[in-house]
2 protein chains.
Amino acid sequence: MKHTKGLRMARASDTLIEQLKHDIFSGLLKPGDQLEEADLATRFGVSRTPIREAIRSLVDCGLLETRPRKGAMVRVLTAKELNDLFEVAAELEGMACRLASDLLTLSDKKDIEASLELCRSAAEAEDIPTYAEANLAFHAAIHKASGNAWLVDQLDQIQARINVYRLMPYEVVGRLEKSLTEHREISDAIFTKNGALANTLMRDHMMLQGARLPSLLNALE
Amino acid sequence: MKHTKGLRMARASDTLIEQLKHDIFSGLLKPGDQLEEADLATRFGVSRTPIREAIRSLVDCGLLETRPRKGAMVRVLTAKELNDLFEVAAELEGMACRLASDLLTLSDKKDIEASLELCRSAAEAEDIPTYAEANLAFHAAIHKASGNAWLVDQLDQIQARINVYRLMPYEVVGRLEKSLTEHREISDAIFTKNGALANTLMRDHMMLQGARLPSLLNALE
DNA sequence: TACATCTTATATGGATACATATAGCAACAT
DNA sequence: ATGTTGCTATATGTATCCATATAAGATGTA
């Protein structure tokens with residue numbers, strides 16, 4: 001039999017990483033929660049080794065933090081750190097729009113329009129979780145259209161960090177419609193190849209969310 | 001005896017990470033080189049466990065890549081990937097200049113001026129390695145002045161990736177003096193609180209280096 | 001009662017042992 | 001001679017075992 005060279009077996013640690021990320025994003029694991037290796041090992045039915053690998057990865061992602069001999073806990077972000085994150089996110093999101101304006105393909109345009117339609121219907125139904133999902137799709141479509149793989153990676157990483165807080169801004173009355181309008185303006189600027197405008201609009205769009213964070217953080221405790 | 005609570009013991013894997021990074025930056029480990037866990041374990045006098053932790057971290061940094069069941073190798077960057085990196089680096093470096101212009105403290109200004117003086121003397125002596133060092137200090141001083149910790153992290157990470165290639169542009173005759181002039185213009189813009197100009201100048205400064213990469217990559221093989 | 005010191009439990013960090021998939025090589029058949 | 005098949009060696013992935021630092025609790029004394 002020919003050796004199945006393409007068949008790459010999944011590693012247990014990779015599965016764990018996905019699972020733990022999911023647990024963090026879904027709120028099952030809250031900032032400050034302690035992660036005990038033995039617990040996780042029994043819970044997932046594997047030994048401590050892959051658990052430790054997964055934890056190390058998540059530490060490198062910035063989702064967890066460890067103190068030597070003290071184990072891992074879900075990282076708690078201060079208001080300053082969150083603000084810093086949003087500032088960089090705004091810059092890179094704007095950059096993605098600029099690049100997308102230059103390089104836009106028909107396929108990219110279709111993807112952006114499709115995600116925009118998702119946003120529209122969710123906003124109409126005032127369905128916040130669905131809108132949040134559609135919002136991610138909209139941004140992801142633009143990221144992809146930028147054609148810069150490293151930029152996409154960075155934005156994914158940042159998004160993983162602020163994902164937990166991303167739902168909250170939409171709770172504000174009227175924010176959904178406002179967000180949708182901004183999305184329309186941004187995509188229009190991209191479609192008309194106005195990179196500078198698209199950049200600015202996206203930056204403002206992001207900063208608007210970031211600006212609300214202090215009050216949102218207060219609401220957390 | 002009172003427990004020495006502040007004394008945090010270093011983990012072996014952390015030391016290994018630093019060592020391996022150094023080996024990669026210094027060129028001892030070249031892109032494409034295979035890393036065998038057992039080899040490293042004997043070389044560093046530790047077991048495979050901390051070796052694996054270190055490798056995992058470096059993979060997450062993007063310095064290494066692994067194929068399941070095939071182990072780790074120093075990541076090889078394609079021209080496209082390098083270009084993407086420089087594009088993002090240029091954007092973020094520009095952003096750091098903009099923020100630094102707004103937030104500049106006296107201490108930050110002193111640091112930037114000091115690093116600039118290092119650049120000047122190295123350029124005068126036409127000492128490329130020393131200039132490269134001073135150049136890093138100049139950029140680092142600006143990063144710090146931006147006041148955005150996450151931005152500093154991201155720039156460090158990107159720099160780790162392109163560090164290997166960073167010496168080469170200076171081989172071009174006259175590039176040292178040109179680079180120094182650009183540094184002066186950038187710091188002047190920051191000192192006069194002209195954030196938009198500082199942003200643009202730094203972006204151009206970075207892109208100029210990035211633009212030379214294709215020819216530099218050809219010279220590699 | 002309060003404080004300090006010692007003991008002990010436990011969880012992390014590291015070492016080692018084991019299972020298995022991949023790759024290289026050889027032998028055989030066509 | 002070439003291509004295929006099967007064996008074997010080896011390195012990765014996982015499990016388990018051991019050492020030790022930390023922290024909590026107990027005990028004794030002032």
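All values reported here derive from a predicted model rather than from experimental measurement. Below, read A as the first sequence line, B as the second, and so on, with proteins coming before strands; counting in each chain starts at 1.
Every side-chain contact (heavy atoms from CB on, under 4.5 Å) that B/Leu151 has, sequence neighbours left out, goes to A/Val88, B/Leu92, B/Met95, B/Ala96, B/Leu99, B/Ser146, B/Asn148, B/Leu155. Taking the side-chain contact (heavy atoms from CB on, under 4.5 Å) definition, one finds that B/Ser57 meets it with A/Arg56, A/Asp60, B/Ile17, sequence neighbours left out.
A/Leu35 places its CG atom 13 Å from the P atom of C/dG13, with the value rounded to the nearest Å. In this structure, CG of A/Leu16 is placed 14 Å from P of D/dG13, rounded to the nearest angstrom. Rounded to whole Å, atom P of C/dG14 lies 8 Å from atom CG of B/Asp14. Computed from coordinates, the B/Met73 CE to D/dA11 C1' distance equals 16 Å when rounded to whole Å. Between A/Arg67 atom CZ and D/dA23 atom C1' there is a gap of 15 Å when expressed in whole angstrom units. The separation between A/Ile55 atom CD1 and C/dT12 atom P is 7 Å, rounded to whole Å. As rounded to whole Å, 13 Å separates atom C1' of D/dT14 from atom CZ of B/Arg56.
Using a 4.0 Å cut-off between charged side-chain N and carboxylate O, A/Arg203 and A/Glu93 make no salt bridge. We find that B/Lys80 and B/Asp84 are joined by a salt bridge, their nearest charged nitrogen and carboxylate oxygen being less than 4.0 Å apart. Ionic pairing of A/Glu81 and A/Arg161 is not present here: no N-O contact between side-chain nitrogen and carboxylate oxygen is shorter than 4.0 angstrom.
Counted by atom type alone, B/Asp23 and B/Gln19 present one or more donor-acceptor pairs between their side chains at under 3.5 Å.
Contacts between residues 36-54 of chain A and DNA chain C, defined by a heavy-atom separation below 4.0 Å, involve A/Glu36, A/Glu37, A/Arg48, A/Arg52, listed by number.
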